[in-house]
Amino acid sequence: MTEPVGSRTMPTHRILIRAPKDPTQTLSLEASFAHGPNGVFGANSGNLLFAESVFRTLSVPNIDLVPDSFTTERTGSDRAHASRIKDEFNGFVVPLANAFREQFRPALRRLTTVVTELDIPVTVTGVGAQLPSSGDLSGVSDALNEDVRAFVSAVLDRSASVGVRGEITKDYLASLGFGDDHIDVIGCPSMFDFRGNAPTIEKKLNSLNPTSKLAVNITPTVPGSAEMLRRHHKRFTDIVFVPQEHRELGLLLWGEPIAGWNKDLPGTLDHPYHHDGQVRFFVDARTWHEFMATRDFAFGTRIHGNIAALAAGTPSVVLTFDSRTAELASYHGMPAEPVGRNGIGECTAESLFNRADFSELNTRRQPTFERWIDFLERNGLRHVHQPGNQNEAFDEKLRTAQLAPAATPVRSSNGAELASRLRWLCGSTKSPAADRYVPPFAPKPICPPKPSDDSELEQVVQTLKYEVTSVSRRARENDEYISALRKRAAKRLLSTRSRRSGRP
């Protein structure tokens, strides 16, 4: 059974999902990096993991899942865009991460604008607030509270509940007036990997030694990151740094130094990890999982960098430094250690490995998985874990997809890899659009190109227009963010001066 939509027909059930791309779609490293201002994966490759997990879980037979490629929250997403969603889809699923933060406010407002116009179910999974590890709300602005309240209210008008990543976010939403009946704590779906499995985690070694296969990740703003990386590079012969930021992929591909980074961080080609070829960047969740399965141990401050290991069955310890990492680790029972005032400079892989206890994680795997499934069913979403909904065809397509390999440092890349990058730069691929990502569903360009017989060239033009508007949007958002930070700093300075002067 089909129903008309404009001049075409659509399947009985079609769902738009906030996701980078279809996980079975092959896209080169270069094209993944070049799309928009932040790459296909949206500035942080951790987005790949939770988006793909939801995509896989909902990929039941006879349902057409379409990724929005993060375009619904970007400039150009307005009432007209919402009208298209209403006409072409039966539901909108929105996997999110730390979306309740100051810098994401403009995108959150645009999402709210779209959701408010919809009359179809809207389901939000895994959203979280970005707060101190204690959950202290004193630094949250009234403007952010207002935007979060508007977004959650709009979603709840179209769903049974909102899925949040942990208790801290639940408490934050409670402070805004949302009760327990509206909020489900579900953690992060990426804990169950792209197949929906939950492997038991056991240590692969009795203890670490200089030849153990390690994976390490860092958040460059956490104190001591450079020192920790340096010491471990000297002590372990097979340690690999796994970065996640868009600009770190740019360094790997094109040798572009990362502006503003401490010279001791791996932000240039002469850093020891880059010099020795001990860096890997992934643009697909499946290849990320496959690599992490080969490691003996992983650790660091990136929550999804450690989840990638755990979902692949590899022991991992997360170093928590804010609410988004702390509440997720707590909910799932991940081995975690808080970052102290002095940072992570003195931490060692050996001590983290020796202290790590995975019993709580293993015990919680099944109940947290069942809670995730209950949430989907409460919100009327069919999933592959229901009898008769297994989708072997999708599994096989994902398993056999010729996905891009991990990006490695440009100075250690082989001749074939370098030749591929040069061909991409020169634009000498067989077709102009052969290696440019074009979102399957996106806001219409502000000035759509005139119809052309060369459909591939038209796709390129549309993509370039989209990228220009995205860059402009990003610049405006950064200006708004900097302005908000200045206002907060001025407010705190005034408060400090008042206390020192003894005035109320």
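- K213 and D238 are not joined by a salt bridge, as no carboxylate oxygen comes within less than 4.0 angstrom of a charged side-chain nitrogen.
- Here the closest heavy-atom approach between residue V94 and residue R18 is recorded as CG1-CD, 3.7 Å.
- We find that D296 and K203 are not joined by a salt bridge, their nearest charged nitrogen and carboxylate oxygen being 4.0 Å or further apart.
- Under the 3.5 Å distance criterion, the side-chain polar atoms of S330 are left unmatched by any main-chain donor or acceptor of A326.
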Could you pull out every donor-acceptor pair under 3.5 Å between side chains of residues 261-269 and any protein atom, sequence neighbours left out?
{"residue": "N262", "atom": "OD1", "partner": "D264", "partner atom": "N", "Å": "2.7"}
{"residue": "T268", "atom": "OG1", "partner": "D270", "partner atom": "OD1", "Å": "2.4"}

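- More than 12 heavy atoms of other residues, nucleotides or ligands lie within 6.0 Å of NZ in K204, so this atom counts as buried by the packing criterion.
- F282 and F291 have tilted rings, their planes meeting at an angle from 30° to 60° on a 0 to 90° scale.
- F33 has its side chain out of reach of L252: every pair of non-hydrogen atoms, C-beta onward, lies at least 4.5 Å apart.
- The environment of E396 atom CD is dense: over 12 non-hydrogen atoms of other residues, nucleotides or ligands sit within 6.0 angstrom.
- Within the 3.5 Å criterion, the main-chain N or O of I239 finds no donor-acceptor partner in the side chain of H232.
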Exercise. Using the side-chain hydrogen bond (donor to acceptor under 3.5 Å, both in side chains) rule, take H233 and D276 through it: C-alpha gap first, then chi angles, then the decisive distance, then the call.
Key: CA-CA 10 Å; H233 180 267; D276 294 342; 3.0 Å; yes
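- The residues R286 and E290 are annotated as salt-bridged, a charged nitrogen and a carboxylate oxygen being separated by less than 4.0 angstrom.
- Counting all heavy atoms, side chain and backbone alike, R302 lies closest to N217 at N-OD1, 2.7 Å.
- When all heavy atoms of N306 and S316 are compared, the closest pair comes out as OD1-OG, 2.7 Å.
- With contacts defined as side-chain heavy-atom distances shorter than 4.5 Å, the pair Q25/Y437 qualifies.
- The side-chain heavy atoms of P23 and R56, taken from C-beta on, include no pair separated by under 4.5 Å.
- When ring centroids are compared, F236 and F297 stay outside the 6.0 Å threshold.
- Applying the ring-ring contact (aromatic ring centres under 6.0 Å, His included) criterion to F151, with sequence neighbours excluded, gives no partner residue.
- A donor-acceptor pair under 3.5 Å is absent between the side-chain atoms of E248 and the main chain of P243, judged by distance alone.
- Two residues are said to be in side-chain contact when any heavy atoms from C-beta on lie closer than 4.5 Å; V124 and V152 fail this criterion.
- When each of D284, L49, T314 is paired with H289, the side-chain contact (heavy atoms from CB on, under 4.5 Å) condition holds for L49 and for no other.
- Two residues are said to be in side-chain contact when any heavy atoms from C-beta on lie closer than 4.5 Å; I186 and R165 fail this criterion.
- The shortest side-chain heavy-atom distance between E327 and L131 does not fall under the 4.5 Å cut-off.
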